Asker: 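To start, I am sharing the structure in question, which I have written as structure tokens.
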Amino acid sequence: MTLKIYNTLKDTKEEFETLEDGKVKMYSCGPTVYDYFHIGNARAFIVPDIVKRYLEYKGYEVMHVLNFTDIDDKMIKRANEEGITVDELAEKFITAYFEDTDALNIKRADVYPQATEHISEMINLVKTLIDKGYAYEKNGDVYFRVDKFDEYGKLSNKKIEDLQAGSRVDVNEEKEDPLDFTLWKESKAGEPEWDSPWGQGRPGWHIECSVMSTKYLGEEFDIHTGGVDLTFPHHENEIAQSEACCGHEVVNYWLHNGYINIEGEKMSKSLGNFFTTRDILDKYPAEVVRFFLISKHYRSPINFSEENMKDAAKSLERLENTVDRVKYLLKQDVQDGELKGAELFELVAEKKEDFIAAMDDDFNTSLAIASLHELAREVNKFIDQDDFVLTIDVKKALEKVKETFEELGIEVLGILKTTEETENDLVPDLVELLLETRSDLRDQGNYEMADQIRDELSNLGVAVKDTPQGAEWKIKE
RNA sequence: GGUGGCAUAGCCAAGUUGGUAAGGCGAAGGACUGCAAAUCCUUCAUGCCCCGGUUCGAGUCCGGGUGCCACCUCCA
């Protein structure tokens with residue numbers, strides 16, 4: 001089984017090969033920490049999370065770097081509005097970033113570099129670019145000479161002539177060419193600023209990623225992720241800077257995730273359909289949000305809507321119900337009988353293979369989830385068969401089912417809840433006691449009382465359902 | 001104008017090197033149940049935007065249309 005990844009640079013799916021055996025180096029464009037991140041950002045953070053989890057599942061050791069942009073126009077503007085420093089603003093929203101990504105069960109990266117901590121390296125890179133003739137200084141600003149970099153446009157398939165023809169780029173008298181982009185920007189009064197050979201100023205946006213990616217991952221690394229909209233100009237410029245400096249390609253695989261629309265429309269503040277991830281987590285359980293975000297292939301646009309969230313919740317619930325049934329059975333005593341679990345073992349192996357094949361095909365989470373649904377249905381069917389008996393052999397097979405759901409659903413996709421075994425046995429014991437009483441009441445035909453117990457338990461957060469083997473219960477969300 | 005992408009059942013959505021349409025939601029009927037919940041069974045695309053072409057065979061390739069979206073400007 002080989003993993004294939006769609007590489008924006010080549011516009012095709014390629015077999016994934018790492019630079020170093022068994023190790024993957026990955027860089028993700030992180031947030032500008034001037035506000036709570038929005039639901040679209042959430043996808044850009046979940047996509048690399050899925051990539052990382054799956055690579056780790058396949059046995060790779062993954063080194064993941066995700067940056068925080070903590071200095072730019074938006075940062076300065078917002079800090080001024082709130083009457084705090086840019087540093088304070090950054091700190092506040094970095095904390096918020098971790099709260100929200102933790103809620104979404106996104107694994108932490110290995111390094112979270114911040115732009116302002118790498119100013120001297122950025123200055124050095126700019127100097128090198130000037131020395132090599134790829135950049136020039138003009139009145140305290142430094143620009144990248146796009147024309148000088150022959151391969152400019154190779155990531156986004158743009159031709160320099162086309163860009164110039166349809167140019168909507170700001171006219172800037174200082175630039176030799178309107179396409180040239182800023183590497184270093186002279187500061188205005190009151191703005192955060194750093195010393196540089198070109199006077200007081202601050203870095204341009206693109207330069208930080210060139211510096212921080214190569215600093216932590218080396219001059220060549222495996223994967224770079226980001227949203228589609230970053231393809232141009234951000235990543236195109238990053239390539240120009242890094243390659244002009246190094247003289248060779250830096251990134252092997254460029255991954256770009258698709259956009260999120262809201263009720264079919266582009267999310268924007270002017271349309272009033274702008275949602276932070278925080279807003280959404282207030283409204284929906286985090287697992288559902290995560291499930292929704294990975295229920296469609298990462299490169300396709302995805303539409304956020306009430307109805308789609310409702311569907312996602314139901315779809316996820318179906319998987320969880322099955323896992324709960326299995327867990328419940330695993331707690332029961334084995335019974336004598338002839339029923340074998342071979343069929344289940346076979347089933348698990350088959351669906352797991354499907355799952356892996358799906359993920360190997362450019363992280364097709366949509367298909368992968370479908371294989372879990374198929375597994376769930378077949379397992380339910382097995383449990384529901386007329387002559388079902390929980391023999392020791394069946395129990396072993398169910399144990400395997402549970403392990404597989406945990407391996408694929410929790411470890412790889414991060415959508416199912418982990419089994420937090422109740423440390424204290426008192427609650428289960430009390431519930432069992434009540435259910436025994438209720439069972440007696442039912443035998444006596446006293447359904448009124450029996451239903452009352454069920455209702456009261458439901459109010460307390462305990463869902464009860466009756467099965468031929470007796471009443472089952474679980475703690476509700 | 002340039003570049004890239006998308007168009008599959010009521011809705012969401014997958015479709016590997018072309019081989020005879022996954023999965024989810026929803027709906028209907030049935031089974032089970034005192035009721036409920038969950039679950040199981042059956043049904044819901046002779047067809048994948050339209051028109052041509054290649055092929056024994058195309059959702060899948062080629063050509064031409066139509067519609068939608070994104071990017072080209074800060075943006076995940």
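Since we're looking at a predicted model, the values are computed, not measured. Side-chain atoms are counted along with the backbone in the values below, which use heavy atoms only and exclude waters and symmetry mates. Letters go in sequence order (proteins before strands), and every chain restarts at 1.
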Asker: Is a salt bridge present between A:Glu191 and A:Lys185, judged by a nitrogen-to-oxygen distance below 4.0 Å?
Answerer: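 Looking at A:Glu191 and A:Lys185, the cut-off is not met.
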Asker: Considering only B:rA76, B:rG4, B:rA22, which nucleotide approaches the side chain of A:Glu374 most closely?
Answerer: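 Nearest to the side chain of A:Glu374 among the choices is B:rA22.
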Asker: Please compare A:Tyr447 and A:Tyr6 by the position of their nearest nucleotide in RNA chain B and report the one closer to 5'.
Answerer: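 On the 5' side of the pair lies A:Tyr6.
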Asker: Quick one: label A:Met267 by what it contacts on the DNA or RNA (base, sugar-phosphate, nothing), any heavy atom closer than 4.0 Å.
Answerer: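 Contact class for A:Met267: base.
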Asker: A:Lys310 near the nucleic acid: base, sugar-phosphate alone, or nothing, with a heavy-atom cut-off under 4.0 Å?
Answerer: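 The answer is nothing, as A:Lys310 stays clear of every strand by at least 4.0 Å.
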Asker: Compare side-chain N and O positions of A:Lys266 against OP1 and OP2 of B:rA76 and report whether any pair is under 4.0 Å apart.
Answerer: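 Indeed not, no polar side-chain atom of A:Lys266 lies that close.
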Asker: Quick one: is B:rC41 close enough that its OP1 or OP2 comes under 4.0 Å of any side-chain N or O from A:Lys381?
Answerer: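 Yes.
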Asker: With sequence neighbours left out, what residues match A:Phe93 under ring pair (Phe, Tyr, Trp, His ring centres under 6.0 Å)?
Answerer: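 A:Phe93 satisfies ring pair (Phe, Tyr, Trp, His ring centres under 6.0 Å) with A:Tyr36 only.
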Asker: What I want to check is whether the side chains of A:Asn273 and A:Glu263 have a donor and an acceptor closer together than 3.5 Å.
Answerer: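 Distance-only check fails for A:Asn273 and A:Glu263.
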Asker: Would you mind reading off the distance between A:Ile76 atom CD1 and B:rC74 atom C1', rounded to a whole angstrom?
Answerer: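 In whole Å, B:rC74 C1' lies 13 Å from A:Ile76 CD1.
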Asker: Determine the contact category for A:Gly258: base if any of its heavy atoms lies under 4.0 Å from a base atom, sugar-phosphate if only primed atoms, P, OP1 or OP2 are that close, otherwise nothing.
Answerer: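 Base: the residue A:Gly258, judged by heavy atoms under 4.0 Å, touches a nucleobase.
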Asker: Using the P atom in both, what is the distance from B:rG65 to B:rU3, to the nearest Å?
Answerer: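 Approximately 14 Å lies between the P atom of B:rG65 and that of B:rU3.
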Asker: Pick base, sugar-phosphate or nothing for A:Ile39, based on heavy-atom distances below 4.0 Å to the nucleic acid.
Answerer: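 Nothing, no nucleic acid heavy atom in range.
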Asker: Take atom C1' in B:rA45 and the same atom in B:rA27, then report the distance between them in whole Å.
Answerer: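 One C1' to the other, the span is 16 Å.
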Asker: Under a 3.5 Å threshold, yes or no: a donor from one side chain and an acceptor from the other, between A:Asp141 and A:Tyr143?
Answerer: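 Yes, side-chain donor-acceptor contact under 3.5 Å.
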Asker: Please compare A:Thr32 and A:Asn380 by the position of their nearest nucleotide in RNA chain B and report the one closer to 5'.
Answerer: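 Its nucleotide being nearer the 5' end, the pick is A:Asn380.
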Asker: Expressed in whole Å, how much space separates the C1' atoms belonging to B:rA7 and B:rC50?
Answerer: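 Each nucleotide's C1' atom is 11 Å from the other's.
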Asker: Evaluate whether atom CD of A:Glu346 has more than 12 neighbouring non-hydrogen atoms of other residues, nucleotides or ligands under 6.0 angstrom away.
Answerer: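 No, not enclosed.
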Asker: Could you tell me whether A:Glu81 and A:Lys77 have a side-chain N and a carboxylate O separated by less than 4.0 Å?
Answerer: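 A salt bridge links A:Glu81 with A:Lys77.
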Asker: Pick the C1' atom in B:rU17 and in B:rG24, then give their distance to the nearest Å.
Answerer: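 Approximately 28 Å lies between the C1' atom of B:rU17 and that of B:rG24.
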Asker: Ignoring hydrogens and geometry beyond distance, is a side-chain donor-acceptor pair present between A:His297 and A:Tyr6 at under 3.5 Å?
Answerer: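 No - no donor-acceptor pair under 3.5 Å links their side chains.
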Asker: Knowing that exactly one of A:Phe45, A:Phe275, A:Phe274 qualifies, which makes a ring-ring contact (aromatic ring centres under 6.0 Å, His included) with A:His38?
Answerer: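 One option only clears the test, and that one is A:Phe274.
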Asker: Hey, mind stepping through A:Phe304 and A:Phe292 against ring-ring contact (aromatic ring centres under 6.0 Å, His included) and telling me if it holds?
Answerer: CA-CA 9 Å; A:Phe304 184 93; A:Phe292 168 73; 5.7 Å; yes
Asker: For B:rG59 and B:rG47, measure between their P atoms and round to the nearest Å.
Answerer: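 It works out to 11 Å between them.
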Asker: Taking atom NZ of A:Lys107 as the centre, report whether more than 12 heavy atoms of other residues, nucleotides or ligands fall under 6.0 Å from it.
Answerer: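 Counting neighbours around NZ of A:Lys107, more than 12 heavy atoms of other residues, nucleotides or ligands fall under 6.0 Å, so yes.
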Asker: So, do A:Tyr112 and A:Phe98 have ring centers that fall under 6.0 Å from each other?
Answerer: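 Yes.
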Asker: Does B:rC40 have OP1 or OP2 sitting under 4.0 Å from an N or O in the side chain of A:Arg377?
Answerer: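 Checking A:Arg377 against B:rC40: no side-chain N or O falls below 4.0 Å of OP1 or OP2.
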Asker: Check the interface with nucleotides 18-21 of chain B: list each N/O to N/O pair with the protein under 3.5 Å, or write none.
Answerer:
none

Asker: Do NZ/NE/NH1/NH2 and the carboxylate oxygens of A:Lys351 and A:Glu378 come within less than 4.0 Å?
Answerer: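 Salt bridge flag = no for A:Glu378 with A:Lys351.
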Asker: List the residues meeting ring pair (Phe, Tyr, Trp, His ring centres under 6.0 Å) with A:Tyr253, not counting sequence neighbours, and say none if there are none.
Answerer: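 Here the qualifying residues are A:Phe16.
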Asker: Please report, rounded to the nearest Å, how far the P atom of B:rG5 is from the OH atom of A:Tyr298.
Answerer: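 Taking atom P of B:rG5 as the reference, OH of A:Tyr298 is at 14 Å.
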Asker: Measuring only the P atom in each nucleotide, how far is B:rU42 from B:rA22? A whole number of Å is fine.
Answerer: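 B:rU42 and B:rA22 have their P atoms separated by 14 Å.
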Asker: Could you spell out the base pairing of RNA chain B as a dot-bracket line? Use Watson-Crick and G-U wobble contacts where both distances are under 3.5 Å, [ ] for crossing pairs, | for partners on a different strand.
Answerer: (((((((..(((......[...)))((((((.......))))))....(((((..]....))))))))))))....
Asker: On the side chain of A:His38, is there an atom forming a donor-acceptor pair with the base of B:rA76 - under 3.5 Å, no angle test?
Answerer: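 Answer yes: a donor N or O sits under 3.5 Å from an acceptor.
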Asker: If you restrict it to nitrogen or oxygen atoms, what contacts under 3.5 Å exist between nucleotides 35-37 of chain B and the protein, and what is each distance?
Answerer:
{"residue": "B:rC35", "atom": "O2", "partner": "A:Arg454", "partner atom": "NH2", "Å": "2.7"}
{"residue": "B:rC35", "atom": "N3", "partner": "A:Arg454", "partner atom": "NH1", "Å": "3.0"}
{"residue": "B:rC35", "atom": "N3", "partner": "A:Arg454", "partner atom": "NH2", "Å": "3.3"}
{"residue": "B:rC35", "atom": "N4", "partner": "A:Asp466", "partner atom": "OD2", "Å": "2.8"}
{"residue": "B:rA36", "atom": "N6", "partner": "A:Asp466", "partner atom": "O", "Å": "3.2"}
{"residue": "B:rA36", "atom": "N1", "partner": "A:Asp466", "partner atom": "N", "Å": "3.0"}
{"residue": "B:rA36", "atom": "N3", "partner": "A:Arg454", "partner atom": "NH1", "Å": "3.1"}
{"residue": "B:rA37", "atom": "N1", "partner": "A:Asp466", "partner atom": "O", "Å": "3.2"}

Asker: Restricting to non-hydrogen atoms, name the atom on A:Lys296 and the atom on A:Arg43 that form the minimum distance, rounded to 0.1 Å.
Answerer: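 Of all heavy-atom pairs spanning A:Lys296 and A:Arg43, the closest is O-NH2, 4.2 Å.
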Asker: Would you call A:Lys138 and A:Asp180 a salt bridge, taking side-chain N to carboxylate O under 4.0 Å as the test?
Answerer: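 So A:Lys138 does not pair with A:Asp180 through a salt bridge.
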Asker: Could you run through nucleotides 11-16 of chain B and give me one letter per nucleotide, 5' to 3': B if any protein heavy atom sits under 4.0 Å from the base, S if only the sugar-phosphate is that close, - if neither?
Answerer: SSSSS-
Asker: Rounded to whole angstrom, note down the C1' distance from B:rA9 over to B:rC44.
Answerer: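 These two C1' atoms come out 8 Å apart once rounded.
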Asker: Classify A:Tyr259 by what it touches in the nucleic acid, base, sugar-phosphate, or nothing, heavy-atom distance under 4.0 Å.
Answerer: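 The residue A:Tyr259 makes base contact.
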Asker: Rounding to an integer number of angstrom, what distance separates B:rC51 and B:rC11 when you compare their C1' atoms?
Answerer: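 Taking atom C1' in both B:rC51 and B:rC11, they lie 29 Å apart.
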Asker: Give the rounded distance in Å between these two atoms: CG of A:Leu255 and P of B:rA76.
Answerer: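 These atoms are roughly 18 Å apart.
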Asker: Salt bridge check, A:Lys74 against A:Asp35: does any charged N sit closer than 4.0 Å to a carboxylate O?
Answerer: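 A salt bridge is absent here (no side-chain N lies under 4.0 Å from a carboxylate O).
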